[in-house]
Amino acid sequence: MKNFIFIAVLFFSLPGMADEAQRIRQLEEKLRCLVCQNQTLADSGAELAGDLRKQVREQVAAGKSDDEIIEFLVQRYGDFVRYEPPFKATTALLWIGPFVLLLAAGATLIVVLRRRRNAPEELALTPDDKRVVERVLGPQDRA
Amino acid sequence: MKRFLWPLAIFLLLVGFLAAGLKLDPREVPSPLIGKPAPAFELPMLQQSDKLFSPADMRGKVWLLNVWASWCESCRDEHPLLVDLSKKGVLPILGLNYKDKGEDAQRWLAQFGNPYQLSVVDADGRIGVDYGVYGVPETYLIDAEGVIRYKQIGAITPAILEQKILPLAAALKK
């Protein structure tokens, strides 16, 4: 009976534990290791990353929400600790910049194409031009 | 002619941005703690482990909190500067011995000199996290109200001490 209860408890708690592990993993992937700056907390082998992972785990266990945990780290390490920077005045260029560039490139393309289409076709030779051509190249065959 | 000026102008602009970018140090992440109260803690002292120290004990003083460890190479670089500063008695310097072994820390101080009024022990780095420490050595200038006014990430150089820390400390003391 004892075994049965143990197995039952395990059975029902395992999915919960897996969820929590996954949540921790997702959180760690959103956070940057300050030591090796192009790695997430999840990927980094730096000691500080280990300490911060520990903090994340403890806070998840203490029932803190993802936002609260991220806020905890932002208060200490700044927005840089977030892999995805928040949208605000100082980061507006970062977020909007690529779209502005895309629009500018698109607009330039349209203007260039329009100009090309509206450009006059090849200019016909004036009688004067024709005379010059015939003088240099000899009488031209009018095909 | 004009059609060649545009790409040239854009190219120069890009060069300007990249040149400015080269001068930035990505390791220096601006600390959000500047202008905020120094996080509170209560930690045992390195030399008298039965006594506790809290930053509140330094109220009314302008002081430096220097995060150091015996395993930290660049701490050695800045250490003579701190020893020198402590001899002049300009500012009280307190140490936060970060993720270190007590005996290693004691030996280190015996070998290189002890500029600290006292050092506290942050063995598991928990208080370090509260202070946003990520690259030892780090140094915080804390004012009489207990507010962090300046943070130095990495070793203090004579230039930084003379041009930034000391003038700021002098202004804060007034």
Side-chain angles (χ1 to χ4, degrees), chain A residues 27-28 31-41 44-59 62 64 68-83 85-86 88-91 93-94 97-98 100-102 104-105 107-109 111-112 115-116 119, chain B residues 2-3 5-7 9-11 13-14 16-18 20-21 24-41 65 67 69-74 96 98-101 122-138 140 147-148 150-151 153-154:
Chain A
L27 255 176
E28 286 170 358
L31 295 163
R32 184 192 301 275
C33 169
L34 279 294
V35 180
C36 18
Q37 299 182 337
N38 288 327
Q39 281 186 308
T40 63
L41 276 192
S44 174
E47 223 185 305
L48 179 74
D51 290 350
L52 294 182
R53 277 199 299 270
K54 204 166 110 196
Q55 290 267 2
V56 169
R57 276 200 303 274
E58 282 173 7
Q59 297 202 11
K64 294 262 179 75
E68 280 171 330
I69 296 170
I70 290 176
E71 188 52 35
F72 171 88
L73 287 168
V74 167
Q75 272 172 15
R76 285 157 179 76
Y77 291 96
D79 284 330
F80 193 67
V81 79
R82 301 169 55 153
Y83 239 94
K88 51 189 195 185
T90 47
T91 56
L93 190 66
L94 186 69
V100 171
L101 276 182
L102 189 68
T108 312
L109 186 69
V111 167
V112 167
R115 245 187 229 168
R116 198 173 283 177
Chain B
K2 215 170 148 196
R3 57 191 295 202
L5 279 181
W6 267 111
I10 292 172
F11 173 72
L13 189 74
L14 200 63
F17 272 120
L18 293 176
L24 296 175
D25 182 359
R27 303 231 136 243
E28 271 185 35
V29 180
S31 173
L33 288 166
I34 289 169
K36 303 244 172 72
F41 61 77
L65 179 68
V67 184
S70 65
W71 46 262
C72 153
E73 294 280 338
S74 19
L96 181 77
Y98 178 73
K99 301 192 76 163
D100 208 352
K101 283 198 191 110
D122 182 24
D124 56 3
R126 196 162 280 272
I127 303 306
V129 170
D130 280 344
Y131 276 76
V133 170
Y134 65 90
V136 197
E138 294 192 7
Y140 300 79
V147 174
I148 296 176
Y150 178 82
K151 179 184 178 185
I153 296 158

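The chains referred to below are lettered A, B, ... by the order of the sequence lines, with proteins before strands, and numbering in each begins at 1.
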Student: Can you tell me if CG on A:Leu93 sees more than 12 non-hydrogen neighbours from other groups inside 6.0 Å?
Tutor: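 Result for CG/A:Leu93: open.
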
Student: Working to the nearest 0.5 angstrom, can you tell me the gap between A:Leu48 CG and B:Tyr98 OH?
Tutor: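 That separation rounds to 5.0 Å.
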
Student: If you take all heavy atoms of A:Tyr77 and B:Gly128, which pair is closest and at what distance?
Tutor: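 Scanning both residues, the minimum pair turns out to be OH-O, 4.1 Å.
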
Student: Drop me the distance from A:Arg76's CZ to B:Asp130's CG, to the nearest 0.5 angstrom.
Tutor: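 Rounded to the nearest 0.5 Å, the CZ-CG separation comes to 4.5 Å.
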
Student: Non-hydrogen atoms of chain B under 4.5 Å away: do they reach the side chain of A:Leu34, the backbone, both or neither?
Tutor: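 Both parts, backbone and side chain.
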
Student: Ignoring hydrogens, what is the shortest heavy-atom contact between B:Pro32 and A:Gly78? Give both atom names and the distance.
Tutor: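 Minimum heavy-atom contact is CG-N, 3.2 Å.
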
Student: How about CD on A:Glu71, more than 12 heavy atoms from neighbouring residues, nucleotides or ligands closer than 6.0 Å, or not?
Tutor: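 More than 12 heavy atoms, drawn from other residues, nucleotides or ligands, come within 6.0 Å of this atom.
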
Student: Quick one: what part of B:Lys99 sits under 4.5 Å from any heavy atom of chain A, side chain, backbone, both or neither?
Tutor: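 Contact with chain A is through the side chain of B:Lys99 alone.
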
Student: By a 4.5 Å heavy-atom criterion (distance strictly below it), what part of A:Val74 contacts chain B: side chain, backbone, both, or neither?
Tutor: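 When you check distances to chain B, only backbone atoms of A:Val74 fall under 4.5 Å.
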
Student: Applying side-chain contact (heavy atoms from CB on, under 4.5 Å) to A:Phe72 and B:Val129, what does each step give before you reach the verdict?
Tutor: CA-CA 10 Å; A:Phe72 171 88; B:Val129 170; 4.3 Å; yes

